[in-house]
Number of protein chains: 2
Amino acid sequence: MMREIKRQRLEAKGWKIGSTKEFLGLSDQEAEYIELKLKLAEGLRAKRRQRRLGQTEVAKLVRSSQSRVAKMEAADQSVSIDLLIRSLLALGTSNPELGRIITRSHHPAGPR
Amino acid sequence: MMREIKRQRLEAKGWKIGSTKEFLGLSDQEAEYIELKLKLAEGLRAKRRQRRLGQTEVAKLVRSSQSRVAKMEAADQSVSIDLLIRSLLALGTSNPELGRIITRSHHPAGPR
DNA sequence: GAAGTATATGTCAAAAATGACATATTGTCA
DNA sequence: TGACAATATGTCATTTTTGACATATACTTC
């Protein structure tokens, strides 16, 4: 139970050394789902920085709030892939770009 | 108001001659979002048929119900991209495949 | 290190999505 | 045609997601 919470914390934040799956006891689908979410989250952050926007500004574009944008970029359990995609689109992500983001192999973060 | 209902009916089903956008009064993002949903919906149906499954069987795999699967394939407004993606993953869709589905240009249905 | 700005985290009421069920429609084949 | 299977549509109680707000933590620049 505590374990469940920790698991979500971890998986949501991308704190995994190797790939998400074998670190935690996840099914393939769950793992794929989370990795996808992580990719979208990173994609969003990248896109935002590329456009030199703050989370607050993105929030306006997306008609959401700064806190939710932060959660999106953190791939929080409380955000859906739906919202991530809508946000990416709102930032002007093209379809091919979206495809690339989703297809990309996922590299664990890196600052800046 | 009636108009809104009709609009949703239409957009949800993919009954558009050209592209979704100029037929209805949609913003670019809305249009892109809907087209994406349509692609995923078609992708799901394709995948299901490829695997020779009925909606009821897919429902089991996804832990949902036949009616919801039908709605997914119809790209109903009540289904999220989230659920579509989770279902595709449950049917064993690989990441590259997912990328292809999303990237594909969308061709309006065709029976069988 | 204070002041200012950006991002992160926690919480919650409202809104949207979900599974389930009933039922209607469509498709198939004898 | 009729009978049977598959898919579609409508509705609803429950669950999940959402925007918003408060507040905490992290970054900058002085």
Side-chain angles (χ1 to χ4, degrees), chain A residues 4-6 8-15 30 33-34 37-38 40-42 44-90 109-112, chain B residues 4-6 8-15 30 33-34 36-38 40-42 44-49 51-90 109-112:
Chain A
E4 173 62 11
I5 289 172
K6 188 164 195 184
Q8 295 185 329
R9 279 274 170 69
L10 287 168
E11 81 191 19
K13 299 255 188 132
W15 298 138
E30 286 171 324
Y33 176 81
I34 290 170
K37 209 153 135 177
L38 288 168
L40 292 168
E42 273 185 33
L44 181 62
R45 175 159 284 174
K47 196 74 185 169
R48 174 173 67 82
R49 286 185 171 155
Q50 184 185 316
R51 295 200 40 189
R52 323 246 163 201
L53 300 173
Q55 296 184 339
T56 309
E57 308 175 79
V58 171
K60 246 169 213 145
L61 287 174
V62 180
R63 299 159 149 264
S64 180
S65 57
Q66 178 271 322
S67 58
R68 194 131 292 275
V69 174
K71 277 158 198 167
M72 286 191 225
E73 295 187 355
D76 192 281
Q77 320 82 276
S78 83
V79 343
S80 69
I81 283 186
D82 230 278
L83 184 61
L84 279 162
I85 286 181
R86 274 186 274 125
S87 302
L88 278 163
L89 293 178
R112 169 67 293 245
Chain B
E4 172 63 10
I5 290 172
K6 188 164 194 182
Q8 295 185 330
R9 278 274 169 68
L10 286 169
E11 82 191 20
K13 300 255 189 133
W15 298 138
E30 286 171 325
Y33 176 81
I34 290 170
L36 182 53
K37 210 153 134 177
L38 288 168
L40 292 169
E42 273 185 31
L44 181 63
R45 174 159 285 175
K47 196 72 186 171
R48 174 173 67 82
R49 286 185 172 157
R51 295 199 40 188
R52 322 246 163 202
L53 301 173
Q55 296 183 340
T56 308
E57 308 175 79
V58 171
K60 246 170 212 144
L61 286 174
V62 180
R63 299 161 150 263
S64 180
S65 57
Q66 178 270 322
S67 57
R68 194 132 293 276
V69 174
K71 277 159 197 166
M72 287 191 227
E73 294 187 355
D76 192 282
Q77 321 80 278
S78 83
V79 343
S80 69
I81 283 187
D82 231 278
L83 184 61
L84 279 162
I85 286 182
R86 274 186 274 126
S87 301
L88 277 163
L89 292 178
R112 172 69 302 230

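Numbers restart at 1 for each chain; the letters A, B, ... are given by sequence-line order, proteins then strands. Because the structure is predicted, anything quoted here is derived from the model rather than measured.
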OP1 or OP2 of [N] versus the side-chain N and O atoms of [X]: is any pair under 4.0 Å?
X	N	value
A:Arg45	C:dA8	yes
B:Arg63	C:dT18	no
A:Ser65	D:dT18	no

What pair of heavy atoms forms the shortest contact from [X] to [Y], and how long is it?
X	Y	result
A:Ala90	A:Leu61	CB-O, 4.4 Å
A:Tyr33	B:Asp82	OH-OD1, 2.6 Å
B:Ser87	B:Leu44	CB-CD1, 4.0 Å

Given atom [atom1] of [X] and atom [atom2] of [N], what is their separation to the nearest angstrom?
X	N	atom1	atom2	value
A:Leu83	D:dA20	CG	C1'	14 Å
A:Arg49	D:dC27	CZ	P	11 Å
B:Met72	D:dT7	CE	P	14 Å
B:Lys37	C:dA16	NZ	P	12 Å
A:Ile81	C:dA17	CD1	P	15 Å
B:Lys71	C:dA16	NZ	C1'	14 Å
B:Leu84	C:dA16	CG	P	18 Å
B:Gln77	D:dT11	CD	C1'	14 Å

> Which residue lies toward the 5' end of DNA chain C, B:Val79 or A:Ala70, if each is placed at its nearest nucleotide?
Replying inline: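 By nearest-heavy-atom nucleotide position, the 5'-most residue is A:Ala70.
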> Contact class for A:Ser64 vs. all strands (heavy atom < 4.0 Å): base, sugar-phosphate, or nothing?
Replying inline: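 The residue A:Ser64 makes sugar-phosphate contact but no base contact.
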>> Over all strands shown, is A:Val69 touching base, sugar-phosphate only, or nothing at heavy-atom distances under 4.0 angstrom?
In response: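 Nothing, no heavy atom under 4.0 Å.
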>> Please check: side-chain N/O of A:Lys37 versus main-chain N/O of A:Val79, any donor-acceptor pairing under 3.5 Å?
In response: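 Such a contact is found between A:Lys37 side chain and A:Val79 backbone.
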>> Nearest heavy atom decides the nucleotide; on that basis, is A:Gln66 or B:Gly54 closer to the 5' end of DNA chain D?
In response: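 Closest to the 5' end, via its nearest nucleotide, is B:Gly54.
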> For B:Arg68 and B:Gln55, take the nucleotide of DNA chain D holding the closest heavy atom to each; which residue's nucleotide lies nearer the 5' end?
Replying inline: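 Whichever sits nearer the 5' end wins; that is B:Gln55.
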>> Among C:dA17, D:dT7, D:dT11, which nucleotide has an atom closest to any side-chain atom of B:Ser80?
In response: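 Closest nucleotide to the B:Ser80 side chain: C:dA17.
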> So which nucleotide from D:dT18, D:dA20, C:dA20 ends up closest to the side chain of B:Ser67?
Replying inline: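 Nearest nucleotide to the side chain: C:dA20.
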> Is A:Glu73 salt-bridged to A:Arg48, cutoff N-O under 4.0 Å?
Replying inline: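 Between A:Arg48 and A:Glu73 there is a salt bridge, with a charged N closer than 4.0 Å to a carboxylate O.
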